[in-house]
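Submitted below is the structure of interest, expressed as structure tokens.
Each chain gets a letter, A, B and so on, in the order its sequence line appears, and its residues count up from 1.
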There are 2 protein chains.
Amino acid sequence: MTNPGTEHAFNREAQYTAKRRAVIRSASGAFRRRGYHNTSMVLIAQSLGLSKAALYYYVKSKEEILYECHIMVYDAMDAAVKSVRGKGTTGLDELQLLYGAFAHLLTRDGLGLLADVDSLKGAFQITVLKRRGSIERSVTRIVKQGMSDGSIKQADARVTVFFLMGALNWLNVWYEPGGRLSGEDIADAFVAQMSQGVAA
Amino acid sequence: MTNPGTEHAFNREAQYTAKRRAVIRSASGAFRRRGYHNTSMVLIAQSLGLSKAALYYYVKSKEEILYECHIMVYDAMDAAVKSVRGKGTTGLDELQLLYGAFAHLLTRDGLGLLADVDSLKGAFQITVLKRRGSIERSVTRIVKQGMSDGSIKQADARVTVFFLMGALNWLNVWYEPGGRLSGEDIADAFVAQMSQGVAA
DNA sequence: AAATAATTCGACTATAAAGTCAATCTATTG
DNA sequence: CAATAGATTGACTTTATAGTCGAATTATTT
């Protein structure tokens, strides 16, 4: 190694961030299944084979975990928005790509939108609401584009978007991984229904 | 009065139930805006001009309030189901009536579906989940009828219903009474979008 | 207006769960 | 194989809030 000591330092750091991510992901699943306030730090710790105190080596507070859970999903959604930008020939086309990507994130990829924004305080809440607003605006932009190019029927764009986002958010409540329907099935069905619902 | 004493006894009883309902309704709004766990009994009491202790004259526990909030909505939804039964000429027609009625309940009538089923324990939770399942089954029945009579396009009925119920549930998060859009506007938009989305 | 019943409250207890910390264990490095 | 840094813990404190209770207040009846 040209830079002695670096490789181990990196491993340490990498393991730390990996374990931190594991905490967030594990908590995210528990929050989705049982709700934020019905999930204790002790339970999160146990499900990772740790003590509660060890958890605080990786996170500053329970609220921070919730915050990171939200951010994790919104990062993935932002990436999806970016990846479909300009890919569709029409607004409807692009909306289909994005909506399908969202549905995949929330089923196949094991991510889950959490409703519990109210439990975040101050800057945490503001940031999360901003991120959600940003996603909604991206979708609205595509919907409006579709209305301009004639692929999507005229309607109140905001209501249309809320309608569609609502269907996605409800996934958390009823979708169970490994159930009768795969993430693909659901994504396909959602895209089909969304598509027909907004088409001109 | 042929039954002396009854009229006052009735007033007492009526006032008690009226006040109890006020507790439930007030709490329902607070739960929707701030979340169940972020709403303390003290706050519910204050918003009614009562002390916390007085609250316990009307309800047995905070959990009971949450339970009643759920039941209140499901009662109204059951009534809606009943009122449209057999009214539509086709499945799609009936679904439009029901979906519009649901949207009205959740906007104009100030009712709100709560997501926090996880905070209910034992029999409370079981009952609420049963009621929700019952509503979903009613909607599914209508959707399937529509698929039979050719008014609704073939698809997985359960996913279709979850999609539609999700949009309704999300209303709690973004709908604000007295905002830019009236309950009517939203109900109309929702029915239109739902309708086109599922039509054959 | 005395007696009774309904309603409300202040001041308390109980409890669950978040968060802290000094001590300990484990891995890494020179 | 010390010595140092990283990781984990048991036992503790703190805090928020649900829930209780006897006393006080208000309304109703005779």
Side-chain angles (χ1 to χ4, degrees), chain A residues 1 3-24 26-27 30-31 34-69 116 118-122 124, chain B residues 1 3-24 26-27 30-31 34-69 116 118-122 124:
Chain A
M1 278 279 148
N3 198 352
T6 305
E7 71 283 16
H8 289 105
F10 176 76
N11 279 340
R12 274 280 169 85
E13 204 181 312
Q15 286 221 328
Y16 178 88
T17 49
K19 285 194 180 179
R20 186 171 194 276
R21 248 199 287 276
V23 170
I24 312 289
S26 173
F31 290 167
R34 315 163 42 88
Y36 176 66
H37 287 283
N38 304 312
T39 306
S40 71
M41 291 296 270
V42 173
L43 194 128
I44 295 172
Q46 277 175 349
S47 75
L48 290 161
L50 287 176
S51 74
K52 178 176 63 158
L55 232 51
Y56 285 89
Y57 184 66
Y58 296 100
V59 296
K60 218 180 81 46
S61 67
K62 190 185 180 188
E63 197 185 354
E64 188 186 79
I65 299 183
L66 180 59
Y67 173 74
E68 296 282 7
C69 287
D116 226 321
D118 302 311
S119 301
L120 292 170
K121 284 174 237 164
F124 276 152
Chain B
M1 278 281 146
N3 198 352
T6 305
E7 70 282 17
H8 289 104
F10 175 77
N11 280 341
R12 273 281 170 85
E13 204 180 313
Q15 285 221 329
Y16 178 88
T17 49
K19 285 195 180 178
R20 186 170 193 277
R21 248 199 286 276
V23 170
I24 311 289
S26 173
F31 290 166
R34 316 164 40 88
Y36 176 66
H37 288 282
N38 304 312
T39 306
S40 70
M41 291 296 270
V42 173
L43 194 127
I44 296 171
Q46 276 175 350
S47 75
L48 290 161
L50 286 176
S51 73
K52 177 174 65 157
L55 232 51
Y56 284 89
Y57 183 67
Y58 296 100
V59 296
K60 218 180 79 47
S61 67
K62 190 184 180 188
E63 196 186 352
E64 189 187 79
I65 298 182
L66 181 58
Y67 172 75
E68 297 280 9
C69 288
D116 224 322
D118 301 311
S119 301
L120 293 170
K121 284 175 236 165
F124 276 153

*Taking only residues two or more places apart in sequence or in another chain, which ones pass side chain to side chain contact (heavy atoms under 4.5 Å, CB included) with A/Glu64?*
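By the side chain to side chain contact (heavy atoms under 4.5 Å, CB included) rule, A/Glu64 matches A/Arg20, A/Val59, A/Lys60, A/Ser61, A/Glu68, A/Phe124.
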*asked:* Could you tell me how far apart A/Arg20 (CZ) and D/dA7 (P) are, to the nearest whole angstrom?
replied: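 So the CZ-P distance, A/Arg20 to D/dA7, works out to 14 Å.
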*Which residues in residues 35-46 of chain B have at least one heavy atom lying under 4.0 Å from any atom of DNA chain C?*
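When residues 35-46 of chain B is checked for heavy atoms under 4.0 Å from DNA chain C, there are no hits whatsoever.
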Please tabulate, for the side chains in residues 47-57 of chain B, all donor-acceptor contacts under 3.5 angstrom to protein atoms that are two or more places apart in sequence or on a different chain.
from    : atom 1 : to      : atom 2 : distance (Å)
B/Ser47 : OG     : B/Ser26 : OG     : 3.2
B/Ser47 : OG     : B/Ile44 : O      : 2.9
B/Ser51 : OG     : B/Ala54 : N      : 3.3

*Please state how far atom OH in A/Tyr16 lies from atom C1' in D/dG6, giving the value in whole angstrom units.*
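That distance rounds to 11 Å.
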*Within this structure, what is the CD1-to-C1' distance between B/Ile65 and D/dA18, rounded to whole angstrom?*
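In whole Å, D/dA18 C1' and B/Ile65 CD1 are 11 Å from each other.
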*Just how far, in rounded Å, is P of C/dA5 from CD of B/Glu13?*
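These atoms are roughly 17 Å apart.
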Return the polar atom pairs (N/O with N/O) between nucleotides 8-11 of chain D and the protein under 3.5 Å, or none.
from  : atom 1 : to      : atom 2 : distance (Å)
D/dT8 : OP1    : A/Lys19 : NZ     : 3.0
D/dT8 : OP2    : A/Tyr58 : OH     : 2.5
D/dT9 : OP2    : A/Ser51 : N      : 2.7
D/dT9 : OP2    : A/Ser51 : OG     : 3.2

*asked:* Without decimals, in angstroms, what is the distance between B/Leu66 CG and D/dA18 P?
replied: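 Rounded to the whole Å, the gap is 12 Å.
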*What distance do A/Tyr36 atom OH and A/Asp118 atom CG have between them, rounded to the nearest 0.5 Å?*
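Those atoms lie 12.0 Å apart.
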*asked:* If I take atom NZ in residue B/Lys62 and atom P in nucleotide C/dT15, what distance separates them, rounded to the nearest angstrom?
replied: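 Whole-Å distance recorded here is 18 Å.
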_Would you compute the distance between atom CZ of B/Phe31 and atom CG of B/Leu66 and round it to the nearest 0.5 angstrom?_
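Rounded to the nearest 0.5 Å, the CZ-CG separation comes out at 6.0 Å.
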*Looking at B/Lys62 and B/Thr39, what are the two nearest heavy atoms and their distance?*
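Between these two residues, the closest heavy atoms are NZ-O, 2.8 Å.
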*asked:* Output the rounded distance in Å from OH (A/Tyr56) to C1' (D/dT13).
replied: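 Nearest whole value for this atom pair: 13 Å.
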*Could you list the residues that satisfy side-chain hydrogen bond (donor to acceptor under 3.5 Å, both in side chains) with B/Ser119, not counting sequence neighbours?*
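By the side-chain hydrogen bond (donor to acceptor under 3.5 Å, both in side chains) rule, B/Ser119 matches A/Asn38, B/His37, B/Asp116.
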*Length of the NZ-C1' vector between B/Lys121 and D/dA18, whole Å*: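 Atom-to-atom, B/Lys121 to D/dA18, this comes out as 11 Å.
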